Amino acid sequence: MRWEELTGNQFSKATQEAEGVCLLPLSVIERHGHHLPLGTDMYIGRELCDRAAALESAVVFPDFIFTQILEARHLPGTIGIEPELIIKLLENTCREIARNGLKKIVIVNAHGGNNSLIQYFTQIQLASPRDYVVYVADYSLGESTEPAPWETSVDGHAGEVETSAIMAIRPDLVHTDMLPTDGEGMPLERLKVLRDLGTGLGIWWYADHPTHYRGDGIPATAEKGEYFFTARAKTLANAVRAIKDDQEAARLQDEFFGKINSFDK
Ligand SMILES: [Zn+2]
């Protein structure tokens, strides 16, 4: 059930049917090589949530595109929101979702540049008491019974996986004639010495992939994209089922907040 498609009258019944679970797809607007749309992650996150909700009922929040992408601000079309505002907006959005009766909020992230942000966001859930729980679903865990079809070993941005995914759902937006054949998607390794020693820094993605292309989209097919969505949606639906059954996370949160101002209890 997509939040924006429900009428106001239908909403409370939908929250019951979803057993209080809201899927919150996080994505971003950024360059995806020469051949994929700026909204690639948005389309992928939305499709995953819709397919998972069809398997295991949940309310799907509208696309949340205002996330972490400062590393693409040198490229046209990027929407790079201020760091503090992202956290505030996400926190405020979760509060509003919960106020509407959906107390189990499941972040479904479709943009790799959000991984650290989400990890931090889950940690700051303990900053103040709340009547809802934020879960993060790693839908990449688990595989379908069929072997994975991927042919490339370097991937991660507009490569075989994302190109296949968009081919499966929006083939009209894939410009295969623009796919580079000169290895543009391979990392430039301009900070290899530091990276090999485990040293991290903010400019690393720009150092490796200044055109925001990592991988090779040439072997992509719509069939592979279909595999991707089927396998990942199934994993996500299984997580939603487990989250519906979970009573322990909220109980522990309440117990924790009950103790923070009275250590002797
Ligand atoms: Zn992407």
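Each ligand, and each atom within it, is numbered from 1 in the order the structure gives. Small disclaimer: the values here were computed from a predicted structure and weren't measured.
- For Asp41, the N, O or S atom closest to the Zn ion (ligand 1) goes by the atom name OD1.
- Residues Arg241 and Asp245 are paired through a salt bridge, judged by an N-O separation under 4.0 Å between the basic side chain and the carboxylate.
- At a cut-off of 2.8 Å, Glu30 does not coordinate the Zn ion (ligand 1) through any N, O or S atom.
- No side-chain donor from either of Gln68 and His111 sits under 3.5 Å from a side-chain acceptor of the other.
- A cation-pi arrangement is present between Arg190 and Tyr206, with the terminal nitrogen or guanidinium carbon under 6.0 Å from the aromatic centre and inside a 45° cone about the axis.
- Within a 6.0 Å sphere centred on CD of Glu151, heavy atoms belonging to other residues, nucleotides or ligands number more than 12.
- Between the Zn ion (ligand 1) and the N, O or S atoms of Glu162, the shortest distance is to OE2.
- For His111, every N, O or S atom stays at 2.8 Å or more from the Zn ion (ligand 1).
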